[in-house]
Amino acid sequence: MAEVSDEFTMKLHEYQAKQVFADAGIPTPDSALASDVDGVLEAAADIGYPVAIKAQVQVGGRGKAGGIELVESDEEAREAAERIIGMDLKGIRVERVLVEEAVDFTNELYVGVTMDRGEGKPVAMVSTKGGVNIEEVAEEDPDAIAREHIDPSFGMQPYQARKVVFDAGVDRAVATDVAGVLSTLYDLWTSKDGSDAEINPLMVTADDEVVAADAVMNIDEDALFRQPEIAEMGEEAAGGDELEQKADEYGFDYVRLDGSVGIIGNGAGLVMTTLDLVDYYGGSPANFLDVGGGAKAERITNALDMVFSDDNVDSVVFNIFGGITRGDEVAKGINEALEAFDEIPKPVVVRLAGTNWEEGMEILNEDLVTVEQTLEDAVQRSVEYAEEGEA
Ligand code: GDP
Ligand code: MN
């Protein structure tokens, strides 16, 4: 459920979040990171079979997408490692896996802390319907997730932790431990400037132990200046995603999402609006990409390089508002950038507004791009192109 939080968060990998949780005293399985088959076999030998082999990529639903496998022997581990390392998981190449002591569980719980923007307060959540279907549970049976709002000036009181665990219907035998995990999670959420902290599943074993089998920790990016340890983990995490690395090199504000409409705009608000509109018209955004002020051909070329090298992208929409950056300059930049291609890989739609937009529209080469007058038309057109691209 972490996906609901805003775009300006830094997501730790599972193995990093687990390290943070374990350091704070939350029980986690024995594990080791590996990046090749030999590494997996070595780790498995240390830990002892059965082990879970888990792709370390920052996408939800790895289990369902084939990124997790339980194995019981060297032979199975080798096969799983060969399949998972290097695989494409929702557009991201798996470079590393976590090899982890398999947990024999009787139940999977969900525990999480996030910001409830509606209430303007953090909220602690617990469910006995944890595991890979929690998104569906949240949608179809929201009452199966117990919630407790927290007053940030007082923090989570012990009775609140017990109450939400009790409300969720957690088995008495583990209720105290689950409440303890939840309190620790809340403290981490606060002290690390988290936007989401989540354990799904928190596994319950036959002998009534609880173990964090998965871990999500997303950090408010604006707070990274005072979270040096987390920021360092983030640099390592970004290394896992080629596109995010590229964005750093180009100096773009970029967030990869998992849709098919590539979005390029100047100004964060403008890009966000475009994202919302793509969603409104039934498409799904592939990214947030703010090229910022100035729109020299080189910047446009780099922005196009970003979206074109994302395999999930089926169409691209430019939403440019001319201010100091003039529409005619942007148009020239777009033409120049696209003329460099023998064949433009994916259809591009452009909407220009603001300073010199009319000159810009005239300059744009309609052999290379589709020009639309309004943002609504441009977004709708890009969603149509994306649908055709998928078909
Ligand atoms: P996600 O799909 O990215 O959320 O990955 P998770 O780490 O939550 O794993 C998904 C599912 O795989 C869990 O809900 C479990 O059902 C299963 N799984 C993961 N680790 C283990 C393990 O150690 N033992 C067992 N039996 N199942 C596991
Ligand atoms: Mn999970």
Side-chain angles (χ1 to χ4, degrees), residues 1-5 11-22 26-34 40 43-44 46-73 76-77 80-81 83-85 87-114 125-139 144-145 178 181-182 185 196-207 209-218 237 240-241 256 258:
M1 288 198 287
E3 267 65 33
V4 297
S5 82
K11 300 178 181 183
L12 294 184
H13 279 288
E14 175 192 12
Y15 75 92
Q16 297 171 319
K18 272 186 172 152
Q19 190 59 55
V20 172
F21 292 180
I26 294 175
T28 53
D30 258 0
S31 65
L33 207 56
V40 169
D46 278 349
I47 294 165
Y49 289 104
V51 296
I53 299 180
K54 310 177 76 178
Q56 296 300 289
V57 289
Q58 286 153 322
V59 299
R62 287 167 308 165
K64 285 187 173 173
I68 297 179
E69 206 165 319
L70 283 174
V71 297
E72 309 210 351
S73 64
E76 285 179 15
R83 186 180 64 77
I84 295 174
I85 298 171
M87 85 183 278
D88 183 286
L89 206 74
K90 299 187 175 177
I92 304 181
R93 189 186 144 86
V94 177
E95 305 284 352
R96 292 170 302 178
V97 293
L98 190 63
V99 181
E100 185 171 83
E101 177 191 7
V103 182
D104 195 6
F105 62 92
T106 55
N107 195 8
E108 296 184 294
L109 308 177
Y110 167 88
V111 298
V113 178
T114 190
M125 296 173 287
V126 177
S127 177
T128 55
K129 296 194 171 172
V132 293
N133 292 320
I134 192 71
E135 267 84 21
E136 283 148 44
V137 172
E139 206 141 285
I145 301 169
V178 176
V181 167
L182 184 61
L185 203 59
D196 319 272
E198 194 176 89
I199 302 174
N200 183 38
L202 178 66
M203 287 180 171
V204 179
T205 67
D207 38 7
E209 308 264 346
V210 295
V211 184
D214 192 10
V216 168
M217 187 78 192
N218 298 337
D241 188 304
R256 188 207 272 265
D258 54 16

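Hydrogens, waters and symmetry mates are skipped; everything else that's a heavy atom, side chains included, is used. One-based numbering along the sequence shown. Counting starts at 1 for both ligands and their atoms, following the listed order.
- For E100, no heavy-atom contact with ligand 1 is shorter than 4.0 Å.
- Counting the atoms of ligand 1 from 1 in the order shown, those under 4.0 Å from a heavy atom of G61 are 2 (O), 3 (O).
- In this structure, I199 CD1 and T28 OG1 are separated by 9.5 Å, a value rounded to the nearest 0.5 Å.
- L109 CG to L182 CG: the interatomic distance, rounded to the nearest 0.5 Å, is 11.0 Å.
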- Message: What verdict does the salt bridge (Lys or Arg N to Asp or Glu O under 4.0 Å) test give for K18 and D214, after you've listed the backbone C-alpha separation in whole Å, the side-chain angles of each residue and the deciding distance to 0.1 Å?
- Response: CA-CA 7 Å; K18 272 186 172 152; D214 192 10; 5.2 Å; no
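- Close approach of ligand 1 to D214 is summarised as follows: ligand atoms under 4.0 Å from at least one heavy atom of the residue are 1 (P), 4 (O), 5 (O), 6 (P), 7 (O), 8 (O).
- Of the candidates V216, V103, V59, V103 brings a heavy atom nearest to atom 24 (N) of ligand 1.
- Heavy-atom proximity to E108, at under 4.0 Å, picks out these atoms of ligand 1: 13 (C), 14 (O), 15 (C), 16 (O).
- Taking all heavy atoms of R62, E198, E14 into account, the minimum distance to atom 3 (O) of ligand 1 is reached by R62.
- To the nearest 10 degrees, the angle centred on the Mn ion (ligand 2) between OD2 in D214 and O in N200 reads 90°.
- Close contacts between ligand 1 and A213 involve ligand atoms 7 (O) [criterion: under 4.0 Å to a heavy atom].
- Within ligand 1, the atoms closer than 4.0 Å to a non-hydrogen atom of K54 are 7 (O), numbered from 1 in the order shown.
- The contact set between ligand 1 and I68, taken as ligand atoms under 4.0 Å from a residue heavy atom, comprises 5 (O), 6 (P), 7 (O), 9 (O), 10 (C).
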- Item | Verdict with reasoning, E69 to R83, per salt bridge (Lys or Arg N to Asp or Glu O under 4.0 Å) | CA-CA 10 Å; E69 206 165 319; R83 186 180 64 77; 2.6 Å; yes
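- Side-chain atoms of T106 come within 3.5 Å of backbone N or O of V204 as a donor-acceptor pair.
- A donor-acceptor pair shorter than 3.5 Å can be found between the side chains of D196 and N218.
- The protein atom (non-hydrogen) at minimum distance from atom 11 (C) of ligand 1 is V132 CG1, 3.6 Å.
- I85 is listed as a side-chain neighbour of V40, based on a closest heavy-atom distance under 4.5 Å.
- In this structure, the protein non-hydrogen atom closest to atom 2 (O) of ligand 1 is G63 N, 2.8 Å.
- Distance check on atom 17 (C) of ligand 1: every protein heavy atom falls at or beyond the 4.0 Å cut-off.
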- Apply the test salt bridge (Lys or Arg N to Asp or Glu O under 4.0 Å) to residues K64 and E136: give CA-CA distance (whole Å), side-chain angles for both, the deciding distance (0.1 Å), then the verdict. CA-CA 13 Å; K64 285 187 173 173; E136 283 148 44; 3.2 Å; yes
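- To the nearest 0.5 angstrom, Y110 atom OH is 8.5 Å from E135 atom CD.
- Donor-acceptor pairing under 3.5 Å is lacking for the side chains of E100 and Y15.
- Counting non-hydrogen atoms of other residues, nucleotides and ligands closer than 6.0 Å to CG of D88 gives a total above 12.
- Considering backbone and side-chain N/O atoms, K64 never comes within less than 3.5 Å of an N/O atom of ligand 1.
- Of the protein's heavy atoms, F105 CE2, 3.5 Å lies nearest to atom 27 (N) of ligand 1.
- Annotation: atom 21 (C) of ligand 1 to nearest protein heavy atom, M203 CE, 3.6 Å.
- Residue contacts with ligand 1 for N200 involve N, CA, C or O but no side-chain atom from C-beta outward (heavy atoms, distance under 4.0 Å).
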